[in-house]
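Values below: all heavy atoms of this structure, side chains included; hydrogens, waters and symmetry mates excluded. What you are looking at is a predicted structure, and each value in this text was computed from that prediction instead of being measured.
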Amino acid sequence: MKKLAVLISLLMMTGCASVEMIKASPEKISSINGKTLTTVNYEKPDFIASTPEKAMFGVLGVIAMVSAGNDLVKNNNIDDPAVMLTKELKNKLADRLKSKEIKEVINLSDDSTNEIKKTVEAGSLVFDVKTLGWTFNYFPTNWTHYRVIYSARARLLDPVDGKIIAQVPCTYVSDDEKTAASYDQLTANNASLLKEKLTAAAKACGTIFEQNIFAG
């Protein structure tokens, strides 16, 4: 069970680490100023509710963690932080790009350039934030307390040529063992504490995205 807790944490963190940081240069920004900006949201990803009881069952336990996590998200109306981040950043990005219009595409299942091309108006830039992983996970040495881990990436791209203009990864880990909450504390009152921690994750990643999308 200790190994599984560590593995889930590492997968969440290394998934984001594999996303290359690309900052948009002032020259590139000047060349795309004034274009329409289209924001894209994706289908809500699986949430992993990792508990030591389910970890005892290996792969079947992971499947059960995903099922329990998705039920938790659905039953408590937990929003994907990526949607929150897109709403927060789109106007700031549009101002920087001098975009005259902002459009929106909702709930794509695929973030490939080919898929985006099918739905985004020709000539528009695309800004998307995608959740790469979200979970709460018990500590390897403390199975009764949990930390929330969130990974995402923000991206600005031109779907015409498929080139990424800017791309920024972010990983947020909520607590250490001394301040972490129990399972019951995280999920009580319609998972209000879990929602708070995910909101904190969104704010932290929003700052990182805003500071790093542009090179200068």
* Partners of Lys74 by salt bridge (charged side-chain N to carboxylate O under 4.0 Å, His left out), sequence neighbours excluded? -> none
* Pairing residues for Thr119 by the side chain to side chain donor-acceptor pair (under 3.5 Å) criterion, not counting sequence neighbours -> none
* Residues in salt bridge (charged side-chain N to carboxylate O under 4.0 Å, His left out) contact with Glu115, at least two apart in sequence or another chain -> Lys118
* To do: Group every Ile, Leu, Val, Met, Phe, Trp and Tyr by side-chain heavy-atom contacts under 4.5 Å, then state whether Met84 and Leu89 land in the same group.
  => no
* All ring pair (Phe, Tyr, Trp, His ring centres under 6.0 Å) counterparts of Phe127, not counting sequence neighbours -> none
* To do: Nearest 0.5 Å please: distance from the CG atom of Leu125 over to the CG atom of Leu37.
  => 6.5 Å
* Lys103 vs Thr39 side-chain heavy atoms within contact, under 4.5 Å -> no
* To do: Of all the heavy-atom pairs spanning Ser99 and Lys35, show the shortest one and how long it is.
  => OG-O, 2.8 Å
* To do: Applying salt bridge (charged side-chain N to carboxylate O under 4.0 Å, His left out), name anything that partners Glu104, two or more places apart in sequence or on another chain.
  => none
* Tell me, with the steps shown, if Asn33 and Ser31 meet side-chain hydrogen bond (donor to acceptor under 3.5 Å, both in side chains). => CA-CA 6 Å; Asn33 274 347; Ser31 71; over 6 Å; no
* In Å and rounded to the nearest 0.5 Å, what is the CZ to OG1 distance from Arg147 to Thr135? -> 10.0 Å
* Asked: Given side chains that start at C-beta, do those of Glu43 and Leu108 come closer than 4.5 Å, heavy atoms only?
  -> no
* To do: Name all residues meeting the side chain to side chain donor-acceptor pair (under 3.5 Å) criterion together with Lys117; count only those two or more places apart in sequence or in a different chain, and write none if there are none.
  => none
* To do: Mind checking the CG-CD1 spacing from Leu198 to Ile149? Nearest 0.5 Å is all I need.
  => 11.5 Å
* To do: Enter the distance from Lys130:NZ to Ser151:OG here, rounded to the nearest 0.5 Å.
  => 13.0 Å
In a table with atom names and distances, give each donor-acceptor pair under 3.5 Å that connects a side chain of residues 155-163 to protein atoms at least two apart or in another chain.
from   : atom 1 : to     : atom 2 : distance (Å)
Arg155 : NE     : Asp128 : OD1    : 3.3
Arg155 : NE     : Asp128 : OD2    : 3.4
Arg155 : NH2    : Asp111 : O      : 3.0
Arg155 : NH2    : Asp128 : OD2    : 2.8
Asp158 : OD1    : Val160 : N      : 3.1
Asp161 : OD1    : Lys163 : N      : 2.9

* Quick one: closest heavy-atom pair of Met65 and Thr51, and the distance? => CE-O, 3.7 Å
* Asked: Got Val19 and Leu132 here, is their nearest side-chain heavy-atom distance under 4.5 Å?
  -> yes
* To do: Write down the atom of Arg153, the atom of Gln167, and the distance for their closest heavy-atom approach.
  => CD-OE1, 4.1 Å
* Asked: Would you say Asp95 has more than 12 foreign heavy atoms packed within less than 6.0 Å of its CG?
  -> yes
* Step by step, would you call Thr36 with Glu121 a side-chain hydrogen bond (donor to acceptor under 3.5 Å, both in side chains)? -> CA-CA 9 Å; Thr36 297; Glu121 182 180 296; 5.0 Å; no
* Interatomic distance, Lys28 atom NZ to Ile22 atom CD1 [nearest 0.5 angstrom] -> 12.0 Å
* Passes side-chain hydrogen bond (donor to acceptor under 3.5 Å, both in side chains), Asn70 versus Asp46? Steps please. -> CA-CA 6 Å; Asn70 288 342; Asp46 290 329; 2.9 Å; yes
* What distance do Ser174 atom OG and Leu194 atom CG have between them, rounded to the nearest 0.5 Å? -> 9.0 Å
* Is Lys195 close to Asn190 at the side-chain level, that is, under 4.5 Å between some pair of heavy atoms? -> yes
* Listed once per pair and sorted, the ring pair (Phe, Tyr, Trp, His ring centres under 6.0 Å) pairs that draw on residues 21-53, sequence neighbours left out -> Phe47-Trp134, Phe47-Phe136
* To do: Following the transitive rule for hydrophobic clusters with a side-chain heavy-atom cut-off under 4.5 Å over Ile, Leu, Val, Met, Phe, Trp and Tyr, establish whether Val105 and Ile116 coincide in one cluster.
  => yes
* Structure fact -> For Ser182 and Tyr146, the nearest pair of non-hydrogen atoms, with its separation, is C-CD1, 4.1 Å
* Asked: Can you get from Tyr138 to Leu72 by hopping between Ile, Leu, Val, Met, Phe, Trp and Tyr side chains that sit under 4.5 Å apart?
  -> yes
* To do: Determine the minimum heavy-atom distance between Val148 and Lys197, stating which atoms define it.
  => CG2-CD, 3.8 Å
* **Verify same cluster id: Leu97, Leu85 (apolar side-chain graph, 4.5 Å)** => yes
* To do: Can you see which heavy atom on Ala180 is nearest to which on His145, and at what distance?
  => O-CD2, 3.0 Å
* Asked: Using links of under 4.5 Å between side-chain heavy atoms of ILVMFWY residues, direct or through other members, which residues join Ile102 in one cluster?
  -> none
* **Single-linkage hydrophobic cluster, 4.5 Å side-chain cutoff, Leu93 and Val120 together** => no
Below 3.5 Å, can you tabulate the donor-acceptor pairs from side chains in residues 201-215 to any protein atom, sequence neighbours excluded?
from   : atom 1 : to     : atom 2 : distance (Å)
Thr207 : OG1    : Lys203 : O      : 3.2
Glu210 : OE1    : Lys92  : NZ     : 3.2
Asn212 : OD1    : Lys23  : NZ     : 3.2
Asn212 : ND2    : Ile208 : O      : 2.8

* Structure fact -> Residues passing the side chain to side chain donor-acceptor pair (under 3.5 Å) test with Thr131, sequence neighbours excluded, are Asp80, Tyr150
* **Residues that Thr179 engages under side chain to side chain donor-acceptor pair (under 3.5 Å), provided they are two or more places apart** => Asp175, Asp176
